[in-house]
Chemist: 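This is the structure I have questions about; it appears just below.
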Amino acid sequence: MISANDLSPAELAALLHFHADAGVEWLLEEEAVDRFAEFEAMKAARRPPTQAQPSVAGEGTGSGQGRTTPRPNAAARPAPAAIAASGPQPAIPDGEAVQQARFVAETARSLAELKTAIEAFNGCNLKHSARSTIFASGDADSGIMVIGSAPGAEDDREGVPFSGKSGQLFDKMLAAIGLTRSSVLLTQVIPWRPPGNRPPSAAEMDICRPFIERQIALAEPKAILLLGNFSARFFFGENDTIHGLRGRWKEIAVADCVIPAIASLHPQDLLTAPVNKRLAWNDLLAFQAKLKSLSLLRN
């Protein structure tokens with residue numbers, strides 16, 4: 001193992017950047033975790049139940065016939081299933097996970113129920129590497145919905161969508177058209193951060209789709225603003241870049257609802273390429289005009 005003391009400042013910075021890009025953000029857990037015990041517990045939980053063993057010679061004699069003598073410390077030793085329950089759950093096939101996600105989403109009768117269900121759902125591998133589950137926040141009765149792509153590092157750390165510098169710019173974008181976080185329903189397509197901010201896989205998108213569609217069905221927005229290339233492709237079903245998808249009103253069909261939606265650049269895109277802010281401003285003005293026409297925003 002190479003010691004950090006043997007690395008130059010430039011080599012150490014490069015190593016830290018490599019780990020950050022790979023999704024490593026905390027070098028130590030808040031509490032010590034015995035991974036060997038977790039692995040042994042998971043193996044024990046998967047073993048088929050064994051037949052009861054006959055009594056050892058000398059047990060069950062005299063007035064205590066038919067009784068067995070407990071082994072020392074047997075009562076203090078936790079059952080393997082109990083140990084496994086405290087550790088990570090084994091992955092389930094993607095097809096089964098999609099079916100479970102659909103069932104969980106369809107049975108939720110309110111956003112609060114859906115939030116609880118998603119937090120308890122373990123069928124998506126993204127959840128096991130994420131720190132937070134990002135769910136809808138804001139005014140569900142506003143008729144206005146803003147949907148981002150997937151949580152970033154700051155979102156995952158804070159547990160709030162559009163955090164950090166990206167969130168500060170996002171707040172300014174909303175304020176420019178007379179909105180705030182609390183006056184819209186804000187959510188993400190994917191509730192858990194993909195490691196290293198990589199794009200979600202096709203299987204992960206299929207598993208998460210019932211959750212975001214159920215959020216839309218329960219909120220019944222009158223207009224939707226999609227931010228980012230991923231969210232635009234996800235709902236519009238096209239493979240064009242955000243520059244080809246932005247600025248045009250399209251319809252999203254969810255359950256029995258057909259909702260007008262417009263896509264624009266994600267705040268993080270604007271931080272990377274500020275020259276595109278004029279494009280985002282045109283999209284925001286179009287969104288503002290739609291809200292006014294629907295009487296969702298005062299003139």
Chemist: Could you tell me which residues satisfy side-chain hydrogen bond (donor to acceptor under 3.5 Å, both in side chains) with Q188, sequence neighbours excluded, listed by chain and number?
Modeler: none
Chemist: From N197 CG over to R193 CZ, what is the distance, rounded to the nearest 0.5 angstrom?
Modeler: 4.0 Å
Chemist: Do L126 and L114 sit in one hydrophobic cluster, given that two such residues count as connected whenever their side-chain heavy atoms are within less than 4.5 Å of each other, even indirectly?
Modeler: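 In one cluster: yes.
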Chemist: Please name all residues satisfying salt bridge (Lys or Arg N to Asp or Glu O under 4.0 Å) with D171, sequence neighbours left out, ordered by chain then number.
Modeler: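 Testing D171 for salt bridge (Lys or Arg N to Asp or Glu O under 4.0 Å), a comparison that skips the adjacent residues, returns R181.
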Chemist: Hey, could you give me each pair passing side-chain hydrogen bond (donor to acceptor under 3.5 Å, both in side chains) that has a residue in residues 233-245? Not counting sequence neighbours.
Modeler: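 Found E238-K250.
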Chemist: Please evaluate residues N276 and D269 with respect to the criterion side chain to side chain contact (heavy atoms under 4.5 Å, CB included), reporting the C-alpha separation (whole Å), side-chain torsions for both, the decisive distance (0.1 Å), and the verdict.
Modeler: CA-CA 8 Å; N276 290 325; D269 299 333; 6.0 Å; no
Chemist: Taking side-chain contact (heavy atoms from CB on, under 4.5 Å) as the test, write out the residues that go with S166, two or more places apart.
Modeler: F162, H266, P267, Q268, L271
Chemist: Rounded to the nearest 0.5 Å, what separation is found between the OG1 atom of T107 and the CZ atom of R102?
Modeler: 14.0 Å
Chemist: Is a donor on one side and an acceptor on the other found under 3.5 Å between the side chain of S142 and the backbone of I144?
Modeler: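 Pair found, side chain donor or acceptor close to backbone of I144.
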Chemist: Starting at CG of N282, measure out to OG of S264 and round the result to the nearest 0.5 Å.
Modeler: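 That separation rounds to 9.0 Å.
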Chemist: When you look at V184 and D139, which way does the side chain to side chain contact (heavy atoms under 4.5 Å, CB included) test go after all the steps?
Modeler: CA-CA 5 Å; V184 302; D139 187 359; over 6 Å; no
Chemist: Would you name the heavy atoms of L179 and F287 that are closest together and state the gap between them?
Modeler: CD1-CE2, 4.3 Å
Chemist: How long is the gap from OG1 on T116 to CZ on F121, to the nearest 0.5 Å?
Modeler: 15.0 Å
Chemist: Is it true that V160 and M173 fall in one hydrophobic cluster, defined by side-chain heavy atoms closer than 4.5 Å?
Modeler: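 Hydrophobic grouping puts V160 apart from M173.
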Chemist: Do the ring centers of F135 and F211 come within less than 6.0 Å of each other?
Modeler: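 They do not qualify: ring centres at least 6.0 Å apart.
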Chemist: Between G228 and I242, which heavy-atom pair has the shortest distance, and what is it?
Modeler: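 Reported closest heavy-atom pair: O-CD1, 3.7 Å.
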Chemist: Does K115 have any salt bridge (Lys or Arg N to Asp or Glu O under 4.0 Å) partners at least two apart in sequence or in another chain, and if so, which?
Modeler: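 E119.
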Chemist: Taking L284 as the starting point, is it possible to reach L265 by hopping between hydrophobic residues whose side chains are less than 4.5 Å apart?
Modeler: yes
Chemist: Is a side-chain donor or acceptor of E113 paired with a backbone partner of R109 at a separation under 3.5 angstrom?
Modeler: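 Side chain of E113 to backbone of R109, a donor-acceptor pair under 3.5 Å: yes, one is there.
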Chemist: Please list all pairs meeting salt bridge (Lys or Arg N to Asp or Glu O under 4.0 Å) that have one or both residues in residues 270-291, counting only residues at least two apart or in different chains.
Modeler: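 Applying salt bridge (Lys or Arg N to Asp or Glu O under 4.0 Å) to every pair that reaches into residues 270-291, excluding sequence neighbours, yields R246-D283.
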Chemist: In chain order, what residues pass the side-chain contact (heavy atoms from CB on, under 4.5 Å) check against S231, with sequence neighbours excluded?
Modeler: S149, V189, L226
Chemist: Rounded to the nearest 0.5 Å, what's the gap from CG on L218 to SG on C257? Could you check?
Modeler: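 SG of C257 is found 9.5 Å from CG of L218.
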Chemist: Is it possible for you to say whether I207 and F103 belong to one hydrophobic cluster, with membership spreading through side-chain heavy-atom contacts below 4.5 Å?
Modeler: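 Different hydrophobic clusters.
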Chemist: List the atom of A286, the atom of I262, and the distance in Å for their closest heavy-atom pair.
Modeler: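 Shortest heavy-atom separation between A286 and I262 comes out as CB-CD1, 3.9 Å.
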Chemist: Residues in side-chain contact (heavy atoms from CB on, under 4.5 Å) with P200, at least two apart?
Modeler: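 P200 satisfies side-chain contact (heavy atoms from CB on, under 4.5 Å) with I190, P194, E204, M205, F230 once adjacent residues are dropped.
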Chemist: Any chain of hydrophobic side-chain contacts (each under 4.5 Å) joining L174 to L285?
Modeler: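 Hydrophobic grouping puts L174 with L285.
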Chemist: Once rounded to the nearest 0.5 Å, what's the spacing between atom CD1 of I212 and atom CD of Q215?
Modeler: 4.0 Å
Chemist: On a heavy-atom basis, which atom in A140 and which in L111 lie closest, and how many Å separate them?
Modeler: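 In terms of heavy atoms, the two residues are closest at CB-CD1, 3.6 Å.
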Chemist: If I compare all heavy atoms of L291 with all of A223, which pair ends up nearest, and what's the gap?
Modeler: CD2-CB, 3.9 Å
Chemist: Which salt bridge (Lys or Arg N to Asp or Glu O under 4.0 Å) pairs, counting each pair once, include a residue from residues 210-230, with sequence neighbours left out?
Modeler: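 Sorted result for residues 210-230: R209-E213.
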Chemist: Kindly say whether S132 contributes a backbone atom to a donor-acceptor pair with the side chain of D156 at under 3.5 angstrom?
Modeler: yes
Chemist: Considering residues at least two apart in sequence or located in another chain, which fulfil the side-chain hydrogen bond (donor to acceptor under 3.5 Å, both in side chains) criterion with S183?
Modeler: T180
Chemist: So which atom in W281 and which in A176 form the shortest heavy-atom distance, rounded to 0.1 Å?
Modeler: CZ3-CB, 3.5 Å
Chemist: Who are the side-chain contact (heavy atoms from CB on, under 4.5 Å) partners of E251, not counting sequence neighbours?
Modeler: V258
Chemist: So among I216, L185, L186, which one has a side chain to side chain contact (heavy atoms under 4.5 Å, CB included) with I147?
Modeler: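 Per the side chain to side chain contact (heavy atoms under 4.5 Å, CB included) rule, the option paired with I147 is I216, out of I216, L185, L186.
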Chemist: Has the side chain of D206 got a donor or acceptor atom that lies under 3.5 Å from a matching backbone atom of A203?
Modeler: no
Chemist: Suppose we screen for side-chain hydrogen bond (donor to acceptor under 3.5 Å, both in side chains). Which residues come up paired with T133, at least two apart in sequence or across chains?
Modeler: W192
